[in-house]
Amino acid sequence: MELSKLDVTLRRGPDGLHLFERTTGLNILFDEISPPPTTWSSAPRNVAIALTNACDLSCSYCYAEKSIAALDINEVKGWLRELDSNGCLGIGFGGGEPTLYRGLPEICRYAAANTRMAVSLTTHGHRLTNELLDALSGSIHFLRVSVDGVGNTYERLRGRSFGALRERLLTLRDFVSFGINYVVNADTFPDLDAAIELAEEAGATEFLLLPEVRPASLLGGTIPSLAALASWVDKHRRKIRVSISEYGARELPTCNPLPGDTGLRAYAFVSASGILKRSSFDHKGIQITKDGILVALGQLNLMGEDRVL
Ligand code: SF4
C-alpha cells in the first residue's frame with residue numbers, strides 16, 4: 001500500500017517520532033530521532049470523550065457521573081479539530097451510553113472526515129442495530145463492547161439478556177473491527193475463560209481487562225487481587241491480544257513502547273459536562289471554555305495530579 005494513500009499522522013514526543021495510520025492501526029516509532037521538547041506534540045496521545053451521561057442500564061460498579069449532561073456537538077467538533085492539529089492520535093467516544101447521544105453518527109462522521117485521528121466507540125452493545133451500525137460504517141475505526149461476565153453473571157450485573165448480546169457479538173465483525181472491554185471484579189473473575197472464548201469465537205481482536213476501580217472511600221483492595229489477575233494472564237495462552245488499563249498494569253509485565261509519553265501526554269478525559277480531567281476517576285478537572293481544549297489542558301497541567309487512586 002502506498003503511504004501517501006493512508007491517513008498518516010506524525011507525533012513528536014520524548015520517545016521519538018511516532019508515525020500512526022488509523023485505518024491499518026500501523027504504529028512506527030523512530031526512537032533514533034529525538035525531537036526537541038519545544039516541538040513535542042501538545043495534545044494527549046488519546047482523549048476519551050463522554051458524549052452523554054445518559055444510560056439505560058444501571059450497573060452497580062458504574063463510575064459515570066449521574067448528573068444529566070450531554071455535550072454540544074459543535075463544541076466537540078471544535079475540540080476534535082484542535083486535538084487533531086496538535087498531535088492527538090485517537091479519540092474515544094463513550095458515556096454513559098453513547099448510542100443514546102442523538103448526534104453520534106454525525107460526530108463520528110465528522111471526526112473521520114475532518115481529522116486523521118482514529119475514532120473508537122465504547123458501548124454496552126444492546127442498542128447496536130444494523131441501521132446504527134450502517135450509519136456508523138466508515139466513521140469508526142474500532143468498537144469496544146463492554147461484556148462483564150457471561151450468562152447468569154452478566155444478566156445479574158447488567159440486567160439484560162446475555163443471549164441477545166452474544167447474538168449481536170457473533171455478527172459484529174461483518175460491520176466493524178471490535179474488542180471486548182471486561183470489568184474484572186469478584187463476580188466476573190470466574191467467567192474470564194468463558195468470556196475470552198466468546199471473544200475469540202466472535203472474531204474480536206482485543207480483550208481489554210479493566211480491574212474494577214473503587215472510590216477512595218472503599219479502597220482496600222480491588223477484588224480479586226491484581227496478583228490473581230496477573231496469574232490468570234500468565235496462564236493465558238490465546239491468539240487474541242490481551243491488554244489492561246493503566247491501573248491494572250501496575251502488577252503485570254506489560255509492554256510499553258512509549259515510556260516517556262505519560263500522564264497528560266498520554267491520555268485525558270472529557271466528561272459530559274465538558275470538564276477535562278486526567279482520568280474519569282479523578283475528582284478535579286478544568287471546565288473547557290470557549291478558549292478551547294488546549295487551553296484547558298495547559299491549566300490542568302499546572303494544577304498537578306489529584307488522583308483518586
Ligand atoms: S452500561 Fe456503562 S454507563 Fe451504563 S450503567 Fe453500566 S457501566 Fe454505567
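What you see below is based on every heavy atom in this structure, not just the backbone, and it leaves out hydrogens, waters and symmetry mates. Order of appearance sets the numbers: ligands from 1, and atoms from 1 within every ligand. Here the structure is a predicted model, which means the values were calculated and not measured. Heads up: numbering here begins at 1 and tracks the sequence.
Atom CD of Q287 sits in a crowded spot, with more than 12 heavy atoms from other residues, nucleotides or ligands closer than 6.0 Å.
Remark: side-chain polar atoms of E21 are paired, donor with acceptor, to backbone N or O of T24 under 3.5 angstrom. Under the 3.5 Å distance criterion, the side-chain polar atoms of D72 are matched with a main-chain donor or acceptor of E75.
If you count the protein N, O or S atoms nearer to atom 4 (Fe) of ligand 1 than 2.8 Å, you get 1.
A donor-acceptor pair shorter than 3.5 Å can be found between the side chains of T171 and R168.
Ring centroids of F142 and F178 are separated by 6.0 Å or more, keeping the two rings apart.
Protein heavy atom at the shortest distance from atom 1 (S) of ligand 1 is R158 NH1, 3.3 Å.
Ring-plane geometry between F20 and H18 is classed as perpendicular, the angle between the planes exceeding 60 degrees on a 0 to 90 degree scale with a lower cut at 30.
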